[in-house]
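Let me begin by presenting the structure, written as structure tokens, before commenting on it.
Read the numbers this way: they start at 1 and go in the same order the structure lists the ligands and their atoms.
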Amino acid sequence: MGKVAFITGILGQDGAYLAEFLLGKGYEVHGLVRWDSGLCSYEYYSRLYSLDLIDRITLHEGDMIDANSLNHIIKNIQPDEIYNLAALSHVKVSFETPSSALQINTVGTLNVLESIRILGLEDKVKLYQASSSEMFGSAPMPQNENTAMQPCSPYGVAKLAAYHLACVYRRSYGIFISNGILFNHESPLRGGDFVTHKVTRGVAEISKGRCDPIRLGNLDSVRDWGAAQDYVRGMWMILQHSEADDFVLATGRSRSVRDFVSASFKVIGRQIEWKYEGINEKGIDSQTGEVLVVVDPEFFRPIELEYLLGDPTKAKDILSWSAQISFDQLVQDMVMADIELLSIEKNNAVGRSYAQ
Ligand code: G4F
């Protein structure tokens, strides 16, 4: 019989790809979904539908901040592995709703840890805790497992507290708990309000005739961007290691937001020239002179984490993990997926208007 996995955050990008990966390994996959008025809608489950997973997994209604619901679900499932991916994951939003960030990301994690203890599953369950490179904050780069963390956002603080709780529970109760400290990872399933998908969607729309420019915040910001499919494989590898430990997953290469924009426009054959400075900076089509990108202070953050660059040496040496999908491939996949999605949306709209 295959192993049983429980994924919190299964509706997100990583949850969906991880579920697909684990099914491929013969796992029985269960996921946590939070009650929402959209619970019956297609959109709510869109990532699971798009990977054709919905009939191959079991979903359980509950809530990270309702310990009783978690206890009940975990007791019924008796999982071998728990992947704790549920989070309020948008850094800017965490400045606007810091209490929610702490509740979901820290107390939610504590609830999972306590469930394992209360149910006496310390020797049965392995727990993967989704820690984040945002915990490093303004620490010097490149960042690895030994770097002192200096978070710069409520999200980073909440994730760092959860990381420490995971370490404390590992040491105190001998539970197999591993932190994956993941740098930014993207895909066509990335939420539309993260910068990569906002850009690739904008580029796809411009390729189909959109006239207004893409509005962005800090173009100087630098990130170590990898592909989500590589990172969910890494999550699984972390839990298959002989002992519980913490690992950074990263590509070891960083680019600026500006670089990401230029690479995305290149996919549709347009070259960007960057002109002017600060909030007046613009990305201009070098052939037509059309303004394709502008800076909008609305997307600035109260503190900006300027530079993230991961050092994945430990994961490479101990787990033999490395990122396989290149930056250019990632950008190409995201832009092409958005172009295809726009065509589908357009056809559906035409279909609907004929039907009316
Ligand atoms: O895509 P982002 O929103 O990702 P961010 O803040 O790095 O966080 C992501 O990665 C973390 C790992 O380090 C995760 F823990 C976290 O959950 C999330 O997945 O922004 C990337 C950069 C930032 O510096 C931001 O200021 O892009 C900059 N940016 C510039 N213009 C923008 C925009 N970000 C967004 N979301 N929207 C903009 O218009």
Side-chain angles (χ1 to χ4, degrees), residues 9 12-15 17 84-97 100-101 104-106 109 129-139 141-143 147 149-163 179-187 189-203 213-228 231-232 234-235 248-251 254-262 264 278-279 281 283 293-310 312 330-331 334:
Q13 164 190 267
D14 293 1
Y17 281 124
N84 185 33
L85 312 186
L88 188 160
S89 63
H90 200 286
V91 174
K92 183 163 187 285
V93 172
S94 81
F95 282 99
E96 285 139 28
T97 57
S100 296
I104 298 166
N105 300 354
T106 311
T109 301
Q129 170 58 19
S131 288
S132 162
S133 56
E134 184 72 19
M135 302 185 317
F136 290 118
S138 52
M141 49 94 192
Q143 292 107 0
T147 303
M149 304 199 187
Q150 301 168 17
C152 291
S153 62
Y155 171 83
V157 170
K159 278 288 181 183
L160 183 55
Y163 163 88
N179 284 286
I181 307 171
L182 271 51
F183 282 66
N184 298 49
H185 45 285
E186 319 294 311
S187 75
L189 298 188
R190 186 59 143 153
D193 48 2
F194 293 93
V195 75
T196 54
H197 202 182
K198 182 174 169 182
V199 169
T200 60
R201 172 80 187 192
V203 168
I214 304 172
R215 313 187 80 80
L216 295 174
N218 185 1
L219 298 171
D220 291 323
S221 185
V222 171
R223 290 291 183 274
D224 180 332
W225 276 299
Y231 288 58
V232 300
M235 292 176 188
V248 160
L249 300 186
T251 71
S254 318
R255 273 103 175 164
S256 66
V257 170
R258 200 179 283 104
D259 293 338
F260 192 94
V261 173
S262 296
S264 301
I279 60 165
E281 184 165 357
V293 182
V294 296
V295 174
D296 185 339
E298 183 191 333
F299 301 106
F300 290 162
R301 295 168 184 190
I303 316 180
E304 180 57 80
L305 198 173
E306 287 281 350
Y307 208 112
L308 282 176
L309 170 64
L330 169 68
V331 176
M334 290 181 72

So, is [X] polar-close to ligand 1, with some N/O to N/O distance under 3.5 Å?
X      : answer
Glu304 : yes
Thr196 : no
Phe299 : no
Val257 : no

Which atoms of ligand 1 have any heavy atom of [X] under 4.0 Å away?
X      : result
Ser89  : 16 (C), 17 (O), 18 (C)
Leu308 : 13 (O)
Ser221 : 22 (C), 23 (C), 24 (O)
Ser132 : 11 (C), 12 (C), 13 (O), 14 (C), 15 (F)

Is ligand 1 less than 4.0 angstrom away from at least one heavy atom of His90? yes

The salt bridge (charged side-chain N to carboxylate O under 4.0 Å, His left out) partners of Arg301 (sequence neighbours excluded) come to none

[X], portion touching ligand 1 at heavy-atom distance under 4.0 Å:
X      : value
Phe300 : neither
Arg190 : side chain
Phe194 : both

Atom 5 (P) of ligand 1 has as its nearest protein heavy atom Asn184 ND2, 3.7 Å

re atom 21 (C) of ligand 1, the protein heavy-atom contact at minimum distance is Val195 CG1, 3.8 Å

Show me, pair by pair, the donor-acceptor contacts under 3.5 angstrom made by side chains of residues 150-161, not counting sequence neighbours?
from   : atom 1 : to     : atom 2 : distance (Å)
Gln150 : OE1    : Ser138 : OG     : 3.1
Ser153 : OG     : Glu134 : OE2    : 3.1
Ser153 : OG     : Gly156 : N      : 2.9
Lys159 : NZ     : Ala130 : O      : 2.7

